[in-house]
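Below is one structure; the comments refer to it alone.
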Amino acid sequence: MKQINRIRVRFAPSPTGALHIGGARTALFNWLYARKSGGIFILRLEDTDSERSSQESARGILDGLAWLGLDWDEGPDRGGPYGPYRQSQRLTIYHQYLKALLDANQAYYCFCSNEDIAADKALAREQGRDYKYSGRCRHLDGEAAAQRVENGQPAVIRLRVPNTGITKVSDLIRGEVEFDNSLMDDFIIAKSDGWPTYNFAVVVDDHMMAVSHVIRAEEHLSNTPRQILIYQALNWELPQFAHVSMILAPDRSKLSKRHGATSVQEFRELGYLPQALLNYLALLGWSSGTDQDIWDVNDIVPRFDLEHVSRSAAVYDIEKLTWMNGHYISQARPESLATEMLRSTRVKHWMSSSSMAYLIEVVKLVQGRAKLIPELIEAAAYFFEEVNGYEEKGVNKHFARSDADKLLQADLEILTADTRFTLASLESALREKAAQMGVKAADLIHPLRLALTGRTNSPGIFEVAVLLGREKCLKRINQAIKWLDENRLGQ
RNA sequence: GGCCCGUUGGUCAAGCGGUUAAGACACCGGCCUUUCACGCCGGUAACAGGGGUUCGAGUCCCCUAGGGGUCACCA
């Protein structure tokens, strides 16, 4: 069951909020790496912070990943040979290694109170030094300390960090990065409530889950030497590390809610397609080395590599994402777009008097001109809803002219006379009529478009007419003529 | 502030000692056209600054500046 030398990567979010695009990209890179190498993609929930973790967040993250199509091989909802996959269920495992470290005198109990620490920090500040844990409890007798804990005295556990030497991080993306041990203090690996801190839990889990490559965001690079110290204290082999640069907001600051949509869920609600988001995120930080920009994620899999992952932070540009989304919408299967549109109550309402088949036909007509799902819905509206009101720009241009009534009457005649009502028959009839009247075809087309759709832009007007059907078209032209009359325009 | 990482057009980004410094988004023109998109053609726009190394530097080294990260009983 346990295969060694197999590539195993993991995405380990803490369920304290939504799945951000940064997290989604980290997940994507891990997923790509696993899929490319035939490895295993693990999902692990880092929920040791009971204050901030929530079931809803966990659910949201899983849903987000699933929506993107980033499937995991082992995880909290599907198990696996190295579970459990949520840290909150792994306490006994942590305790086992905490004890090992304590027994080996690699770690020690610390009884310093928050007040002690605060005082140390204040003093350091006063003296203009950087604060570093004093090491006050470093030399306490182990037995005695254990006894005090036994008696119920609260304590944290700190790692005994060597105060000389350097710790080297070999990073697949950044190369060798060195950190001076003397700059690190004896950091806490277990909180006074008995739970491990992040740095400790992550090491134990990555090791116990046989993770071969830790691919994560750059914000973790500075913590890596601490983790390496833990690996060494435990005498464990190091995984490979790869730190991916951060995604920044347009003002080059860290992404936050004030920068608009940042979570996968929000992008979904705004009408972005998973393929577009995936494509965009893949290229934000990774380059194929070619000049191709549109990529199906499955085509990226065999090409993905860490060497072409960017070392510099990337500012995300929603305009480009939106452009890509437009591309994917125009390429998408009409059926799947229709399904996505059906999430909207407006579209659901349409279905009470129309069929799915009709919706799909409409989608085919308008999908080439929408960049987002809501735009698609908007573009489809007049196929399901009555035209009430005409775009002002169109009225001024096409209904205000003195012969507007005459032109609409001509349109009415054409559509009335054409019982075949096909693309070809309509177009030839209209062009013929225009020639007879000595006007341009456009002179008949524009008012017709406005009458049929209420708008100045639409797909080809003959396509629109055919799909709308003769009856509806005639009704709308008559409605427009009446409107003209009532508004005393076009006389 | 200490430490760490990065710095090619507005944005993503190719480049890995010798190029007219790609491509994409955005922007600006033009074409197509029944409108709007799409599409096609063209254009504006970049190696942060300064020192080295080298015959030659966007590519290597150093410094500076500006950016980001980290230094929690958060992850």
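Below, chain A is the first sequence line, B the second, and so on; all start at residue 1.
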When we call it a touch if two heavy atoms are under 4.0 Å apart, what does P225(A) touch: a base, just sugar-phosphate, or nothing?
-> nothing
How long is the line joining OH of Y316(A) and P of G68(B), in whole Å?
-> 17 Å
Out of C12(B), U70(B), C5(B), which has the shortest distance to the side chain of E218(A)?
-> C5(B)
If pairing means Watson-Crick or G-U wobble with both distances under 3.5 Å, then the partner of G2(B) is U70(B)
With rounding to whole Å, what would you report as the distance between A75(B) and A65(B) at their C1' atoms?
-> 33 Å
Rounded distance in Å between the P positions of C60(B) and C16(B) | 11 Å
Taking the six-membered ring for Trp, are the ring centroids of F29(A) and H213(A) within less than 6.0 Å of each other?
-> no
Spacing of the P atoms in G51(B) and C28(B) (rounded, Å) = 39 Å
More than 12 non-hydrogen atoms from neighbouring residues, nucleotides or ligands closer than 6.0 Å to CD on Q127(A), yes or no?
-> yes
Can you tell me how far P in C61(B) sits from the matching atom in A21(B), rounded to whole Å?
-> 23 Å
Can you tell me, in whole Å, how much space there is between the P of U8(B) and that of G49(B)?
-> 11 Å
Below 4.0 Å: OP1/OP2 of C74(B) and any side-chain N or O of K191(A) | yes
Using whole Å, report how far CG of D443(A) lies from C1' of U33(B).
-> 15 Å
Please check the phosphate of U7(B) (OP1 and OP2 only) for any side-chain N or O of R311(A) closer than 4.0 Å.
-> no
Nearest listed nucleotide, side chain of R252(A), among C12(B), C73(B), U34(B) = C12(B)
R160(A) side chain to D186(A) main-chain N or O, any donor-acceptor pair under 3.5 Å?
-> no
For A26(B) and A13(B), measure between their C1' atoms and round to the nearest Å.
-> 15 Å
When we call it a touch if two heavy atoms are under 4.0 Å apart, what does L283(A) touch: a base, just sugar-phosphate, or nothing?
-> sugar-phosphate
Cation-pi between R148(A) and F111(A): NZ/CZ under 6.0 Å from ring centre and within 45° of the ring axis?
-> yes
Do the side-chain N or O atoms of T48(A) get closer than 4.0 angstrom to the phosphate oxygens (OP1, OP2) of A75(B)?
-> yes
Integer-rounded Å distance: G1(B) C1' and D130(A) CG | 6 Å
